[in-house]
Amino acid sequence: MDAAFAQLVLEHSPDALVLLGPDWSVSFLNAAAEQLFGYPRAQLLGADYSLLLAESSREAFHQFLSSFAAPAGTPRAAGPAAGPAAGPARRPFTGVGRRGDASEIPLEITCAALPPASGGAGSVAVAVRPAPPRVAPHDGGAATDTLPAAPGSPAAGTAGTTATARRRTFSALEADLVPGTTGVLPRLSPAEHDDQLKAAVLRDTLTGLPNGTLFNERLAAALRRPDPVDVLLLNVDDFKSYNDMLGRSAADELLVEVASRLRNCVRPHDTVARLGGDEFAVLLTECLNAGAVAKRISDSLYVPARIGGSLVRPGVSMGLAARTAATQDGAELLRQADSAMSAAKAAGKNTWLEFRPEMLSVAVNTPQGETGLRQAVELGQISVHYQPVVSPGLGAVVQFEAFARWERYGKLVPPNQFLPVAEQSGLIREIGDEVMRRACAEIRPWLAGDAAYSVAVNVSGLQFQHRDFATDVLGIVASTGVDPRQLMLELTESVFFDADSDVLRQLAQLREAGVRIAMDDFGTGYSTLGRLKELPLDKVKIDRSFVAMIKTGKEHLPFFRTMIRAAQDLGLRVTAEGIETPAQAKYLMDLGCDSLQGYLFAKPAPASDLAGTMESALNAIDKVEAAG
C-alpha cells in the first residue's frame with residue numbers, strides 16, 4: 001500500500017487514533033482525535049499523553065500502558081489462520097478522558113506496541129472511542145458493555161428488540177427535569193446513575209469548575225507522585241462591593257468571567273477550582289515556573305471586563321505555595337497558600353506573594369505582630385527619624401536618610417522586630433508610602449536650600465511587586481512639592497538581581513523622572529563590579545560589615561580601593577555606612593570615598609532635631625580632619 005494512501009486512511013479513520021512516542025508524548029493524531037478531545041492538533045503534538053486523561057484515570061492508564069512491550073519480532077505464520085503477535089489478548093482500558101474545555105468523557109482505549117522492524121520501537125498505537133453505555137436489563141441481569149449489533153447482522157433483530165425493551169418513556173415532568181431531553185432516554189444503570197450524581201456533586205454549578213472536594217482529590221493524587229506540585233489560592237478583591245453595587249446577578253457574572261480567565265492562564269491538565277464564594281484555587285503539576293503562572297493570572301485579571309453594564313477590573317489577591325520535601329499533605333499546602341494570600345491582601349491587594357515559613361510563625365497577638373503593627377499604622381504611631389550623610393570633600397551634610405520608627409507606649413520598637421513583620425503581613429507597602437510622604441514633607445525646607453541636597457528612603461522589593469509603585473512615588477513627590485532629583489531610593493542587591501521586567505520598567509520610569517537609585521548593602525549579595533554598569537544606578541553604599549573590618553586604620557584592605565575606584569569610574573557615587581570611629585572615617589576619606597554615614601556623626605533623630613544632628617555631624621568631620 002502506498003504510504004501516502006495509508007496516511008490518508010489513518011487521517012480519515014472514524015476512530016480517534018493517537019501514536020505515542022518512546023517517551024509517551026503524542027507524535028501523531030488524526031482528525032477524529034482532534035474532534036473527540038477538542039484540542040487543535042498543534043497543541044497536542046509533543047504533549048504528554050496525560051493531557052488527554054482525567055486525573056482519576058492517569059495513574060491506572062500509566063500502569064496499563066507500562067504493560068506494553070514491543071513484540072519480540074517473531075514472524076507470524078502466513079495465511080488466514082495467522083493469529084496475533086504472541087501474547088495474551090488484552091481487554092480495552094476503560095477510563096475517563098479530559099477534553100480541551102475541561103469537560104470529562106468516558107473512554108474505551110485500545111493499545112498496541114509497534115514492532116521494532118517498523119522503525120517505531122518503543123512507540124505505542126492508541127485507538128480511542130467513547131465508552132459504550134452500560135445498560136441494565138429489566139430482568140435484573142448483569143449490566144453489559146456490549147453495543148447493539150449492526151443492522152443486517154444475524155443478531156440485529158434480537159438486538160433491536162432488546163434495545164427497545166431497554167428504553168423507557170419519561171413522563172412530561174421527568175423530561176422537564178432533564179434539560180435537552182426529548183422524553184425518551186436510555187435507562188441508566190445504578191453505576192451510571194452514581195457516576196452522574198458524583199460528577200454533579202464534584203462540580204460548581206455556577207462556573208462549571210471542579211469544587212473543593214474534587215480539587216482536594218486531585219491535589220492528593222498529585223502529591224502521591226514525585227513531580228513538582230504548586231497551589232495558588234486567590235480571592236476576588238472587594239467582591240462584596242461588586243455584589244452590593246452591581247447586584248447578585250452581575251456578581252455571579254463576574255465570577256464566571258474570573259473562572260474563564262483562570263482556565264485560559266493554565267495548561268489543560270492543571271486544575272482550576274472554585275472553593276466557594278469568591279475563592280478560587282489552582283493546582284499546578286509538573287510546573288517549572290509557578291511564579292510566571294501567578295503573574296500571568298494577575299495580568300490577565302487586570303484587564304477590564306464589562307460586567308452588568310459596568311467596566312470593572314476583577315483584581316485578585318493570591319498566595320502561592322510549593323510542595324517541598326517537608327510537605328505532609330494537601331491541607332498543609334493549602335494552609336501555606338492561604339497564609340501567603342492573606343499577606344497579599346494586607347499588601348494592598350491585586351498582587352501575589354509566595355509563601356515563606358515566617359508567614360505562619362508571626363504572633364499576631366503580640367505588640368510585634370501583625371495586629372499591633374496594623375493598629376500602629378492606623379493610629380499614626382509610625383514616625384520617621386533622619387540620619388545625616390556627610391561629604392568630607394565639601395565638609396557638609398548633603399543627604400538625610402529616612403528610617404521608619406514604631407513608637408508604642410512611649411518606647412521605640414526595634415526596626416529589626418517590626419520591619420520583618422511588615423513584610424510578612426504585607427503592611428510594608430502602607431508603611432513605605434507613609435515614610436516616603438512624611439520624609440519629603442518634613443525635609444522639604446532643608447532641601448530647598450540647595451538643589452544638591454537629597455533625602456534617601458529605603459524601599460522593600462515587595463513594594464515593587466505593585467505595578468503602580470513608580471506612579472505612586474512620583475505622585476508623592478509631586479504632592480509634597482519636592483524635586484524628583486532630590487529623592488533617592490535605596491534598594492538591596494536582591495531587588496536588582498531577582499527583578500523581573502516590570503521591576504526594571506518601574507526603575508527606568510523613576511530614573512527618567514529624575515529620581516535617583518542607590519544599591520544598599522553593596523558587596524553582601526550577588527553583585528560584581530562588572531555588572532554594576534548594567535544596572536539603573538546612581539550610587540552604591542558599602543555595607544557596614546566591611547567597614548567593621550577597619551579597626552586601627554592601619555589595615556591592608558585593598559578591596560576598598562578597588563570597590564571605590566571601580567564604582568566611580570562607572571560614574572557612581574560611593575557612600576560608606578556604619579562609620580563608628582575616627583579611624584574608619586579617616587581610612588575611607590583617604591581612599592576618596594564620596595560620603596560617610598554612621599553613629600560617629602549622628603544617630604537617627606526626629607525632624608525637629610535636624611539642626612542638632614547637622615551640627616553633630618560637622619563637628620565630627622572637623623575632628624577627623626584635624627586629627628589627620
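This structure is a prediction, so every number in the text was calculated from the model and none was measured.
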What are the two closest non-hydrogen atoms of [X] and [Y], and how far apart are they?
| X | Y | answer |
| --- | --- | --- |
| Leu233 | Ala337 | CB-CB, 3.9 Å |
| Met318 | Ala344 | O-CB, 3.4 Å |
| Ser300 | Arg261 | O-NH1, 2.9 Å |
| Ala32 | Pro14 | CB-O, 3.8 Å |
| Ala222 | Val229 | O-CG2, 3.8 Å |
| Asn30 | Leu10 | ND2-O, 3.0 Å |

Suppose we screen for side chain to side chain donor-acceptor pair (under 3.5 Å). Which residues come up paired with [X], at least two apart in sequence or across chains?
| X | answer |
| --- | --- |
| Ser460 | Glu423 |
| Thr327 | Thr324 |
| Arg225 | Glu55 |
| Asp227 | none |

[X] side-chain N/O to [Y] backbone N/O, donor-acceptor pair under 3.5 Å:
| X | Y | answer |
| --- | --- | --- |
| Asn216 | Gly212 | yes |
| Gln506 | His466 | yes |
| Ser27 | Leu19 | yes |
| Ser298 | Ala294 | no |
| Arg323 | Leu223 | yes |
| Ser13 | Val9 | no |
| Glu257 | Ala305 | no |
| Arg58 | Leu53 | yes |
| Ser57 | Val96 | yes |

Quiz item: Which residue pairs satisfy the side chain to side chain donor-acceptor pair (under 3.5 Å) criterion with at least one member in residues 274-286, sequence neighbours excluded?
Solution: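 For residues 274-286, and leaving out neighbouring residues, the side chain to side chain donor-acceptor pair (under 3.5 Å) pairs sorted by first residue read Asp204-Arg274.
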Is there a side-chain contact between [X] and [Y], using heavy atoms and a 4.5 Å cut-off?
| X | Y | answer |
| --- | --- | --- |
| Phe355 | Val231 | no |
| Pro130 | Leu36 | yes |
| Asp15 | Val128 | no |
| Leu107 | Phe37 | yes |
| Val258 | Phe239 | no |
| Pro210 | Arg203 | yes |
| Thr351 | Leu462 | no |
| Arg263 | Leu209 | yes |

Quiz item: Counting heavy atoms not belonging to Leu311, are there more than 12 under 6.0 Å from its CG?
Solution: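 Yes.
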Once rounded to the nearest 0.5 Å, what's the spacing between atom [atom1] of [X] and atom [atom2] of [Y]?
| X | Y | atom1 | atom2 | value |
| --- | --- | --- | --- | --- |
| Asn264 | Ile297 | CG | CD1 | 11.0 Å |
| Leu262 | Asp270 | CG | CG | 11.5 Å |
| Arg99 | Gln35 | CZ | CD | 8.5 Å |
| Cys265 | Asp299 | SG | CG | 8.5 Å |
| Leu283 | Phe215 | CG | CZ | 5.0 Å |
| Leu214 | Leu219 | CG | CG | 11.0 Å |

Quiz item: Stepwise, does the side chain to side chain contact (heavy atoms under 4.5 Å, CB included) test hold for Leu255 with Phe280?
Solution: CA-CA 10 Å; Leu255 293 176; Phe280 294 82; 4.0 Å; yes
Exercise. Report the C-alpha distance between Asp237 and Ser317 in whole Å, list the side-chain angles of each, state the deciding distance to 0.1 Å, and finish with yes or no for side-chain hydrogen bond (donor to acceptor under 3.5 Å, both in side chains).
Key: CA-CA 6 Å; Asp237 292 333; Ser317 297; 2.7 Å; yes
Practice problem: Look at the aromatic rings of His62 and Tyr49 and report parallel, tilted or perpendicular, splitting at 30° and 60°. | Solution: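 His62 and Tyr49: parallel rings.
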Practice problem: Quick one: list whatever passes side chain to side chain contact (heavy atoms under 4.5 Å, CB included) with Ala250, sequence neighbours left out. | Solution: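 Checked Ala250 against side chain to side chain contact (heavy atoms under 4.5 Å, CB included); matches are Leu246, Ile307.
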Practice problem: Check the pair Leu20 / Val26 against side chain to side chain contact (heavy atoms under 4.5 Å, CB included), numbers first and verdict last. | Solution: CA-CA 5 Å; Leu20 303 182; Val26 177; 4.1 Å; yes
